[in-house]
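As the structure is a prediction and not an experimental result, all values here were calculated from the model. Computation of the quantities below employed the complete heavy-atom set of this structure, encompassing side-chain atoms and omitting hydrogens, waters and symmetry-equivalent molecules.
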Amino acid sequence: MELDLTSPVFWLAVAQIIAIDVVLSGDNAVVIALACRNLSPEQRKKGIFWGVAGAVSLRVVLTTFAALVMNLPWLKLVGGLLLLWIGIKLLLPEDDDGHDIDAADHLWGAVKTIIVADFVMSLDNVIGVAGASHGSLFLLLFGLAVSIPLIVWSSQLILKLMERWPVVVTLGAALLGFVAGEMIAADPGLAPWLTGTPAWLPKAVGLLAAVLVVLAGKVLQARRPAPVDITVE
């Protein structure tokens, strides 16, 4: 993608990166809170600051690497298929409501916990943001720079919005499906078979993928057995 700050396409890609970051980073606030809950109030602020700084730095490095190698043949196809599953999984209820995060009783233990937990949880975010950047390193870094403060400051609000209005999660899953479809259609490995196709094909594939993600997620959600209350007399 060419760098053009006046182009609506550029700002649409930035909006996609921000939305993906927001939707897929909702658990970060929970992880941070759990990791720092045993620290004193003063140390807690330092733990949150350094933990977030380390996690964000690591995520920027990983996402930059992913964006740079995304132009290799078949990687966009694989990443797109994985992103489709991530979008579907976003619509499914978690098997458990807790997070397996140990609270540290000293500052750097909490910082390490936050960074490690974010690294483990960041695969979906990295793939989604790398796909939305369309191979533009500037766009990737610009989108991350805009979205990081938003995530840090508003994670709790985002979690509450998702709980109150489930449609926010559905829209996020649809966005992931759209980005996945565009990634798959733009894979260099498929170029020989797509020669002469109309320019709107990637958008059409993205819209189709968005619909498929939402439908598949809803179907799988409906097929999950409802919890059964057992009363012991």
* Asked: Does anything in residues 195-215 pair up under side-chain hydrogen bond (donor to acceptor under 3.5 Å, both in side chains), and if so which pairs, sequence neighbours excluded?
  ->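 Qualifying pairs: E182-K203.
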Residues sharing [X]'s hydrophobic cluster, by side-chain heavy-atom contacts under 4.5 Å among ILVMFWY, directly or via others?
| X | answer |
| --- | --- |
| F178 | L207 |
| L208 | L212 |
| L215 | V211 |

Could you report the tightest heavy-atom contact between [X] and [Y], atom names first, then the distance?
| X | Y | answer |
| --- | --- | --- |
| G217 | L91 | CA-CD1, 3.8 Å |
| G80 | A180 | O-CB, 3.3 Å |
| A173 | G87 | CB-O, 3.4 Å |
| Q16 | V179 | OE1-CG2, 4.1 Å |

* For A186, what residues pass the side-chain contact (heavy atoms from CB on, under 4.5 Å) criterion, not counting sequence neighbours? ->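 Checked A186 against side-chain contact (heavy atoms from CB on, under 4.5 Å); matches are K76.
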* To do: Could you list the residues that satisfy side-chain contact (heavy atoms from CB on, under 4.5 Å) with A185, not counting sequence neighbours?
  =>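 With sequence neighbours excluded, A185 shows a side-chain contact (heavy atoms from CB on, under 4.5 Å) to P202, V205, given in chain and number order.
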* Kindly indicate whether the side chain of L176, heavy atoms from C-beta on, has any atom under 4.5 Å from the side chain of V213. =>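 They are not in side-chain contact.
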* To do: Measure the shortest side-chain to side-chain distance between T170 and K218 over non-hydrogen atoms and say whether it is less than 4.5 angstrom.
  =>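 When only atoms from C-beta onward are counted, K218 and T170 do touch, with a gap below 4.5 Å.
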* Check step by step if side chain to side chain contact (heavy atoms under 4.5 Å, CB included) holds for V78 and L82. => CA-CA 6 Å; V78 174; L82 182 56; 5.6 Å; no
* Are L220 and V214 linked, directly or through other ILVMFWY residues, by side chains that come within less than 4.5 angstrom of each other? ->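 No, because L220 and V214 fall into different hydrophobic clusters, even though each may have its own neighbours under 4.5 Å.
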* Within one Ile-Leu-Val-Met-Phe-Trp-Tyr cluster: I88 and L81, side-chain cutoff 4.5 Å ->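 Yes, because I88 and L81 connect within a single hydrophobic cluster, where side-chain heavy atoms sit under 4.5 Å apart.
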* Any salt bridge (Lys or Arg N to Asp or Glu O under 4.0 Å) involving residues 126-135? Give me the pairs, sequence neighbours left out, ordered by first then second residue. =>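 Applying salt bridge (Lys or Arg N to Asp or Glu O under 4.0 Å) to every pair that reaches into residues 126-135, excluding sequence neighbours, yields nothing.
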* To do: Start with the C-alpha gap between L84 and I184, add the side-chain angles, then the distance that decides, and say whether side chain to side chain contact (heavy atoms under 4.5 Å, CB included) holds.
  => CA-CA 10 Å; L84 285 175; I184 293 171; 4.1 Å; yes
